Every structure is written in C-alpha cells, then in structure tokens.
Chemist: 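Take this structure, written in structure tokens, and hold onto it; I'll ask about it next.
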There are 2 protein chains.
Amino acid sequence: MPSASVSPEIKSDVDQVLETIIYLYTESRRITKELARRADLTGPQLTVVKILEQIGDLSLSELSERIRAQNSTVTGIIDRMEREGLVVRERSKEDRRVVYIRLTPKGRKLAEEIPVEPMEIFRNALQCLSANETRELLKILGKVARHVREAVRAEGAASARGG
Amino acid sequence: MPSASVSPEIKSDVDQVLETIIYLYTESRRITKELARRADLTGPQLTVVKILEQIGDLSLSELSERIRAQNSTVTGIIDRMEREGLVVRERSKEDRRVVYIRLTPKGRKLAEEIPVEPMEIFRNALQCLSANETRELLKILGKVARHVREAVRAEGAASARGG
DNA sequence: GAGAAATATTTCGCACGCTAAATAATGCCG
DNA sequence: CGGCATTATTTAGCGTGCGAAATATTTCTC
C-alpha cells in the first residue's frame, strides 16, 4: 500500500486530506477483513458471499465488475470458495462460455449469519454528517475526482506522444 | 479490492461519497504503478526509492512505517530490490538487530530520473480547490474519520466481550 | 552476570491482484 | 458452410500483503 508521505512533520492541509482518505480506505478494508475473519472467510470472500446473497447468481464477469477486480483474480477467489463448498460453478445453457456462480446452502447460511454489511461502519460514520455536510463533501470530492480524471487523461496523452 | 456496492442503481449521497473515495484511492495507486512501470519498477518499489532519495538511509522498520506495511512485506520488497541492485542492506554498528536500507548509485540515479512524486497528480488535483474548500473538506473528512475511529473502538470492545 | 522479556528482522504459508497468453465457445461475413 | 474476429473464462508467473513463528540481539531485572 504505497502512500509516500515524505515529510510527515509539517503537513499541509492537502497532505492531511490525502492522509485521511488513505486512512478511511485502509480502515474500511481492515474492517471488512475483521468481519470476515469471524466467519472464517477472507475479505473478498465475504464481499462475494454478500453480493450473491443479495443479487443472486452472477456470471464470473459480472462478479468481477461488481468487486472491481480482474476476471483472473476472481477465478482464484471462486476456486477457493468452491473448494470450501460455499459456491458452485454452473455453465450457462444459452452461452456455454459463461459460468454462473451460485451460493450453496452452506454459503447462503453463512451469508445470513453475517448481518452487517461490509461497509456498514463506514456508512454509519458518513451518516453522522448533516445532510449539508454530506452534500458539501460530495461536491468537493467530486471536484477533486474530476481534476484527477482530467490529469489522468492529460498524462495518458503525454505518454502516448512518448513520455 | 472489496468494495461491495450492492445496489449500483439508486445511489445515496453517502454511497457516492464512498464511491468517490474508493475511486480516488484506487486511482492514486494506479498512477503510482503506471509511473513506476516506465522505470521498470513496481509501485511499492518506486515509493521506496523516492523515500530513500529524499530522507536518506532508513531501517527496515522505519521504512515499513513510512509505507504503512508490515515488516515481513517490506522484507520481500527489499529482497527483490537488492536482487536488482537498487538498494543494499547494511547492519547497524550500534544495534546489530537493525538493518539499514541504502540506495545504490544505480538506485539513486533511477530515483533522479523520475521527477514526479508518486502522489503528484492527486496533490495537484487537491490544490485546485480553494483554501476554503480544502479546509472544509478536511474538516468534514476529519469528522468522518473520528466517527470511524470511535466505531472501530466500540466494535473492538464488543468483540472482546465475545462478538 | 544469567535468565527473561523486549525488539528487529526474516521465514513460511496463504490469499489476493495484475498482465499476458491459452483455451473454449459464439457470432459474423463473405 | 468455413474461417475469423470477438467474448468468457482459465492458466501461468510474478509481486505484494498479511499473521504467526523462528532467529538474533539487546535490555531489563533480580
């Protein structure tokens, strides 16, 4: 997890914002992992179980998209979950390239036993803000994200020219 | 990277904030990785090289703390960097338990060739905000972080009682 | 000053997470 | 119909990332 805060002593507001975002993100992962551990799952496995519980069967690609990971990554996660008897793979009848991932009864039972959604603590913390604050936060963060997106595009163009 | 946005259709402000934070974080990692790739480095390796360039020699523990990773993780990163001749390990004379990590000339040269700090794009985007917006952002994010910390403490206490 | 507790690093085993290449099945176009 | 690009998934190889145990060294304590 690279974060590279090079001079931790005198921190500008900007660096503090960075720091806080990194804290919030890593903490949310840590929480997911901790919740998962209680059910003998890993973080990503808990995420998968909860998604399948709420949405139903998904193809591997759909699942990958949901959890923002590559297909090859999810293949591995599903391999291990299948080994543990939490899910099964089922080839689609319509398109035999597609594999659906389905919770087994064991997987479903386990999902039900974990009432808290992975991001719950994080979400609760955000709900402690007033509606105004939330809107303001969203507005400002949105602006930052927009600038990052632009910079990324510019960066991409520069390197395409040979950066 | 578990993110579990279960219903992507109707998103509340809260979920959008979450989404944006995740976007900003993952994007900042992607950018580090892309910058690194141009110098035949990995993301964490670039981070290490830049930290050592700016701060000087660090013990493995100090380095771990900087990049917010476990010692065992950093041991691996340094192993590979040493193999590539970018850094050397040197045992401390005062405390022979301690290992200092030092850039080789090759490593230093490489660091100098990468002028952009890993988080530069991200930092620039934040600097596009007005001073007021930055303060406001910091204030609100700080509040969120405080609530998360409290929730985490409460959570910890609950599980200690047998959660 | 010897044994115990503490500290710094490494080793081990496992689970992501990525890219590139391989495999399998579908659709398209002449 | 036959080949060919496209799409879905898996395989292979590598680099993190973590926790627990092992190792080496220092410090503390009696």
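Nothing here was measured: the structure is a model prediction, and the numbers come from that model. Chain letters run A, B, ... following the sequence lines, proteins first, then strands; residues in each count from 1.
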Chemist: Do any N or O atoms of the protein come closer than 3.5 Å to N or O atoms of nucleotides 4-8 of chain D, and which pairs are they?
Modeler:
{"from": "D:dT7", "atom 1": "O4'", "to": "A:Arg97", "atom 2": "NH1", "distance (Å)": "3.4"}
{"from": "D:dT7", "atom 1": "O2", "to": "A:Arg97", "atom 2": "NH1", "distance (Å)": "2.9"}

Chemist: Just jot down the side chain to side chain donor-acceptor pair (under 3.5 Å) partners of B:Glu112, sequence neighbours excluded, or say none.
Modeler: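 None.
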Chemist: Taking side chain as C-beta onward, heavy atoms only, is A:Met81 less than 4.5 Å from A:Val49?
Modeler: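 A side-chain contact under 4.5 Å exists here.
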Chemist: Any idea which heavy atoms bring A:Arg97 and A:Arg91 closest together, and the distance?
Modeler: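 Closest heavy-atom pair between A:Arg97 and A:Arg91: O-NH2, 3.4 Å.
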Chemist: Which heavy-atom pair separates B:Ala125 from A:Val148 by the least distance, and what is that distance?
Modeler: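 Shortest heavy-atom separation between B:Ala125 and A:Val148 comes out as CB-CG2, 3.5 Å.
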Chemist: Quick one: on DNA chain C, does A:Arg96 or A:Arg83 contact a more 5' nucleotide (nearest heavy atom)?
Modeler: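 In this pair, the answer is A:Arg83.
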Chemist: With a 3.5 Å cut-off and heavy atoms only, can you find an N or O donor on one side and an acceptor on the other between the side chain of B:Ser72 and the base of D:dG19?
Modeler: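 Answer is yes: a donor-acceptor pair is held.
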Chemist: Only counting residues at least two apart or in another chain, list the ones meeting side chain to side chain donor-acceptor pair (under 3.5 Å) with A:Ser64.
Modeler: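 Per chain and number, A:Ser64 pairs via side chain to side chain donor-acceptor pair (under 3.5 Å) with A:Asn71.
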Chemist: Whole angstroms only, please: what is the CD-P distance between B:Gln70 and C:dC16?
Modeler: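 Spelled out: CD on B:Gln70 to P on C:dC16 is 18 Å.
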Chemist: Distance check needed: D:dG15 C1' versus B:Leu41 CG, whole Å only.
Modeler: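 Taking atom C1' of D:dG15 as the reference, CG of B:Leu41 is at 13 Å.
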Chemist: May I ask you to list the residues of residues 85-92 of chain A, by number, that have any heavy atom positioned under 4.0 Å from an atom of DNA chain C?
Modeler: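 Close to the strand, none.
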Chemist: Please report, rounded to the nearest Å, how far the C1' atom of C:dA15 is from the CE atom of A:Met81.
Modeler: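 Atom-to-atom, A:Met81 to C:dA15, this comes out as 13 Å.
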Chemist: Round to the nearest Å and state the distance from A:Ile78 atom CD1 to C:dG17 atom P.
Modeler: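 So the two atoms are 12 Å apart, to the nearest Å.
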Chemist: Here's a test of your reading of the structure: between B:Thr73 and A:Tyr100, which maps to the more 5' nucleotide of DNA chain D?
Modeler: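 Per heavy-atom nearest nucleotide, the more 5' residue is A:Tyr100.
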Chemist: Expressed in angstrom and rounded to an integer, what is the separation of A:Gln45 atom CD from C:dC14 atom C1'?
Modeler: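 Computing the A:Gln45:CD to C:dC14:C1' distance gives 11 Å.
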Chemist: List the residues meeting salt bridge (Lys or Arg N to Asp or Glu O under 4.0 Å) with A:Glu82, not counting sequence neighbours, and say none if there are none.
Modeler: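 In terms of salt bridge (Lys or Arg N to Asp or Glu O under 4.0 Å), with neighbours along the sequence ignored, A:Glu82 is linked to A:Arg89.
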Chemist: What is the separation between atom CD1 on B:Ile101 and atom C1' on C:dA8, rounded to the nearest whole Å?
Modeler: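 After rounding, the reported distance stands at 11 Å.
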Chemist: With side chains defined as the heavy atoms from C-beta onward, is the minimum distance between B:Leu35 and B:Leu46 less than 4.5 Å?
Modeler: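 SC-SC contact between B:Leu35 and B:Leu46 confirmed.
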Chemist: In the hydrophobic clustering (ILVMFWY, side-chain contacts below 4.5 Å, transitive), which residues join A:Val98, or is it alone?
Modeler: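 Besides A:Val98, the cluster holds A:Tyr100.
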Chemist: Distance check needed: C:dT19 P versus B:Glu34 CD, whole Å only.
Modeler: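 Nearest whole value for this atom pair: 11 Å.
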Chemist: Hey, does A:Thr42 reach any base, or is it just sugar-phosphate, or nothing, if we go heavy atoms under 4.0 Å?
Modeler: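 Result for A:Thr42 = sugar-phosphate.
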Chemist: Provide, to the nearest angstrom, the distance between the CD atom belonging to B:Glu62 and the P atom belonging to C:dA8.
Modeler: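 Result: 9 Å.
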Chemist: Is the closest basic N to carboxylate O distance between A:Lys109 and A:Glu113 below 4.0 Å?
Modeler: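 Between A:Glu113 and A:Lys109 there is a salt bridge, with a charged N closer than 4.0 Å to a carboxylate O.
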